[in-house]
Amino acid sequence: MTNGQVALNDRAVSEMPLPDLARLQEQIQQLQTQVEAMRSQMPDNRLAMVVFSGDLDRVLAAFVIASGAAASGMEVSMFFTFWGLTALRQKRQSAGKTLFQKLMGWMTPVGLRRLGVSKMNFGGIGAKMLRAMMKQQGVPQPEEMAQMARDLGVRIVACQMSMDVMGIRKEELIDGIEVGGVATFLGDATRSKATLFI
Amino acid sequence: MTQITYDVEVDARGLQCPMPIVNARKAFQNLQSGQVLRVLATDPGSVNDFQGWVKMVSDAELVSQETTEMDGKTVYVHYVRKK
């Protein structure tokens, strides 16, 4: 030792209690396991939506939120169920359906173009008026909004169970969509930062 | 109007929510790091929308927001930089 100060420090260090290395290693390992478990439960940057309604205004709101979220870099999943399925229809097929399913098919609209508004629809006049008012304000039409959402990569899933109940076949729905059940929704919803029921 | 240099411009004048951010997104994706996007909008909601948008897009930074007059209309100008 050339320096008293260093000698003093050396003594101070040597007098420190030795850490229990095995215990520390064990604690670090426990923490690593916990961090990994937490990381696997972290939500994705995702939005999950149930579109239950077949009202034009509500479906429109759903597509606006979906496009906005997708444009903000979020993954978006939309699950269409019950009346919401009518927004995805592109044609009507009756062959091979039960009487009730046929009736249901005839009485429900085919596609966004035929949807009514939730209030003041007056046999479709309300929906036409809303479309005209949107045009006046430079708001894209619902069909354009839906196409935009799809172009932005929004995942669209039709509920298999309500399709079966209502007698809607996949061929009657627009092309390029998926079919799934409640677990498909929950699989995305549990990893989402936001979930909406519309 | 202050002079902020920008690399790409999106004209969203006359368009309503969500079009300003949808169009901004498309242009923003093609930006190089450090480049600035300028968005022109007449939608007053776009002021809050771009503040919210940069919170969600991790590589976007709001440089400035201005209100100006163009062709007799109030225009909201947003400058977004790619980090």
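Bear in mind that the values here come from a model prediction, so they are computed numbers and not experimental data. Per chain, numbering begins at 1; letters A, B, ... match sequence-line order.
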Nearest 0.5 Å please: distance from the CG atom of Leu88(A) over to the OG1 atom of Thr81(A).
10.5 Å

Please enumerate all residues that pass side chain to side chain donor-acceptor pair (under 3.5 Å) together with Thr86(A), with sequence neighbours excluded.
none

Gap separating the CE atom of Met78(A) from the CD1 atom of Ile177(A), nearest 0.5 angstrom:
11.5 Å

Candidate pair Val50(A) and Leu196(A), rule side-chain contact (heavy atoms from CB on, under 4.5 Å), full reasoning
CA-CA 6 Å; Val50(A) 175; Leu196(A) 296 173; over 6 Å; no

Under 4.5 Å from a heavy atom of chain B, the part of Ala69(A) involved:
neither

Between chain A and chain B, donor-acceptor distances below 3.5 angstrom:
from: Ala71(A); atom 1: O; to: Trp53(B); atom 2: NE1; distance (Å): 2.9
from: Gln137(A); atom 1: O; to: Gln16(B); atom 2: NE2; distance (Å): 3.1

For the ring pair (Phe, Tyr, Trp, His ring centres under 6.0 Å) test, which of Phe82(A), Phe80(A), Phe79(A) pairs with Phe52(A)?
Phe82(A)

Which residues in residues 154-176 of chain A have a heavy atom less than 4.5 Å from any heavy atom of chain B?
none

To the closest 0.5 Å, what do you measure between NZ (Lys128(A)) and CG (Asn121(A))?
9.5 Å

Heavy-atom distances under 4.5 Å only: say whether Ile65(A) touches chain B with side chain, backbone, both or neither.
neither

Who pairs with Phe100(A) by ring-ring contact (aromatic ring centres under 6.0 Å, His included), at least two apart in sequence or on another chain?
none

Here the pair of heavy atoms bringing Pro109(A) nearest to Arg89(A) is O-NH1, 2.9 Å

For Met134(A), is it the side chain, the backbone, both, or neither that has a heavy atom closer than 4.5 Å to a heavy atom of chain B?
neither

How long is the straight-line distance from CD of Glu26(A) back to CG of Asp20(A), given to the nearest 0.5 Å?
9.0 Å

Can you confirm whether more than 12 heavy atoms, excluding those of Arg92(A), are under 6.0 Å from its CZ atom?
yes

Taking the side chain as everything from C-beta on, heavy atoms only, tell me whether Leu112(A) gets closer than 4.5 Å to Leu115(A).
yes

